[in-house]
Amino acid sequence: MSYKKLIFKTNTTIEIENATIYYSKINKSLPKKLISEIRTSLLLISKNTSNFQFRHKKIQVFWLKKFPYGIYFIEEDLEIYIIAFWHSKQDIPRKISKNL
């Protein structure tokens with residue numbers, strides 16, 4: 001099975017870092033669990049994007065299982081652009097228009 005190349009927008013890495021900082025203040029083991037779930041999710045996304053919900057036009061989302069976050073991405077040819085890592089309670093449509 002082939003894997004597609006993942007490309008992160010700068011904001012995405014900052015959003016992930018902010019989430020890990022937030023969870024480290026709650027419990028020191030939570031950031032490791034969050035990163036582990038993100039890695040597993042990215043592996044699933046890179047294998048097959050057709051299983052995931054379309055959120056806005058061509059933007060798809062993968063919802064994490066144990067944390068209230070979604071990984072938002074766009075698939076173009078053999079590349080997947082990770083455009084956002086947002087909490088499920090954030091105002092998504094306004095942020096999407098700013099990031100595209």
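None of these values were measured; they are calculated from a predicted model. Atom set for the values below is all heavy atoms of this structure, side chains included, hydrogens, waters and symmetry mates excluded.
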### Query
Got a sec: does the CG of D77 have more than 12 other heavy atoms crowding it under 6.0 Å?
no

### Message
Please report the interatomic distance OG1(T20) to CZ(F67), rounded to the nearest 0.5 Å.
### Response
10.5 Å

#### Entry: Donor-acceptor contact below 3.5 Å, side chain S41 vs main chain L64
no

## Note on the structure
So NZ of K32 and CG of N27: to nearest 0.5 Å the spacing works out to 11.0 Å

### Query
When hydrophobic residues are tied together by side-chain contacts of less than 4.5 Å, even through go-betweens, does I16 share a cluster with I26?
yes

### Task
Calculate, to the nearest 0.5 Å, the distance between atoms OH and NZ belonging to Y81 and K5 respectively.
8.0 Å

### Query
Short question: side chain of T12, backbone of F8 - any donor-acceptor pair under 3.5 Å?
no

### Option among N18, N11, T13 that satisfies the side chain to side chain contact (heavy atoms under 4.5 Å, CB included) test with E15
N11

### Full working for side-chain contact (heavy atoms from CB on, under 4.5 Å) between I7 and I82
CA-CA 6 Å; I7 300 170; I82 309 297; over 6 Å; no

### Query
Is it the case that one hydrophobic cluster holds both F54 and F62, taking links as side-chain heavy atoms less than 4.5 Å apart, direct or via other members?
no

### Summary
Separation between NZ (K33) and OG (S29), nearest 0.5 Å, reads 4.0 Å

### Candidates W63, F85, W86 - the one meeting ring pair (Phe, Tyr, Trp, His ring centres under 6.0 Å) with Y69
F85

### Query
Take atom CD1 in I21; do more than 12 heavy atoms of anything else shown fall under 6.0 Å from it?
yes

### Task
Drop me the distance from L42's CG to I38's CD1, to the nearest 0.5 angstrom.
7.0 Å

### Message
For a 4.5 angstrom cut-off between non-hydrogen side-chain atoms, does I74 reach E76?
### Response
yes

#### Entry: F52 backbone acceptor or donor facing Q60 side chain under 3.5 Å
yes

### Summary
Heavy atoms of A19 and L34 approach each other most closely as CB-CD2, 3.8 Å

### Common cluster, L6/I14, ILVMFWY with side-chain heavy-atom separation under 4.5 Å
no

### Task
Please round to the nearest 0.5 Å and tell me the distance separating atom CD1 of I59 and atom CZ of F73.
10.5 Å

